[in-house]
Asks: 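Got a structure for you, questions after.
Along the sequence shown, residues are numbered consecutively beginning with 1. Indexing begins at 1, ligand by ligand and atom by atom, following the structure's order. As the structure is a prediction and not an experimental result, all values here were calculated from the model.
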Amino acid sequence: MHTTSRRGALFLGGAAALSVAARPRAASAQQVAAGSIVLPSLPYGFDANEPHIDAQTMQLHHGRHHAAYVAALNTALREHPQVSQQPIERILGSLGEMPEAIRTALRNNGGGHVNHLMFWEIMGGRGGAPTGELMQAVDRDLGGFEKMKTDFNAMGGRVFGSGWVFVTVDRDGKLALASKSNQDTPLMDNGRALIGNDVWEHAYYLKYNNRRSDYLNAWWNVVNWDRVAVRYAAAKAGTLTI
Ligand code: MN3
């Protein structure tokens, strides 16, 4: 429906390829060097979310903030090839088993990487509402679309300092709201984010200053529900990696 769909598919493929390439059995053909996680390009232009999220914020957010998480993640992985061969979702789902020397770096920067991959993936749309099976789940589990948005925005407003607000999804397709501090992610609970909004000030301060609630309200206008539906189907199929 949008011209971005093909680029979106490539972007999704990039995220999936990260996990596949990181598995030891797949490493022989295309050996993945330790510390070689790459920052994918956005699946749309920096101005795709205007006027709700300005192009400069998108550019800085992707090119500086997300890039910094990727760089720091690679630095942490460089000396730990046995960790770098594992899919990022497995690393984040078993942080307690990770080398103590890099555990905090993995948590902050691995979390930052996957949270932003998900975030870019589900934006670039024109808002509206979910349809079909996903809308039925919203009605069933979250009291309907309007209540979901109201509760999500309220939860996002209550995050003290920096963090995220999510709708999580399990293998049965059940939805729930959750918030996390810093770059923590539902992957750390072996859950999955269906959608999430970044409430770090870097996500909105240039345009909204300290008016986080205005940003939270406006953000729904750029959600791409077609891509969210793909994530929902993947979650139910057990193939949603991050
Ligand atoms: Mn951010």
Asks: For residues 184-196, run the donor-acceptor check on the side chains, cut-off 3.5 Å, and write out each pair with its distance to 0.1 Å, sequence neighbours left out.
Replies:
| residue | atom | partner | partner atom | Å |
| --- | --- | --- | --- | --- |
| D184 | OD1 | R107 | NE | 2.9 |
| D184 | OD2 | R107 | NH2 | 2.7 |
| T185 | OG1 | L187 | N | 2.9 |
| D189 | OD2 | K180 | NZ | 2.6 |
| R192 | NE | L240 | O | 2.7 |
| R192 | NE | T241 | O | 3.3 |

Asks: So, N153 versus W220: side-chain donor-acceptor pair below 3.5 Å or not?
Replies: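 Distance-only check passes for N153 and W220.
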Asks: Under the side-chain hydrogen bond (donor to acceptor under 3.5 Å, both in side chains) test, which residues partner Y204, sequence neighbours left out?
Replies: R212
Asks: Distances under 2.8 Å only: what protein N/O/S atoms are near the Mn ion (ligand 1), ordered by chain and residue?
Replies: H61 NE2, H116 NE2, D198 OD2, H202 NE2
Asks: State which residue, out of L134, L175, D141, fulfils the side chain to side chain contact (heavy atoms under 4.5 Å, CB included) condition with V169.
Replies: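 It is L175; the other options fail the test.
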Asks: Test of understanding: with salt bridge (charged side-chain N to carboxylate O under 4.0 Å, His left out), list the residues that count as partners of R211, not counting sequence neighbours.
Replies: D214
Asks: Centre-to-centre under 6.0 Å for H66 and F119, is that the case here?
Replies: no
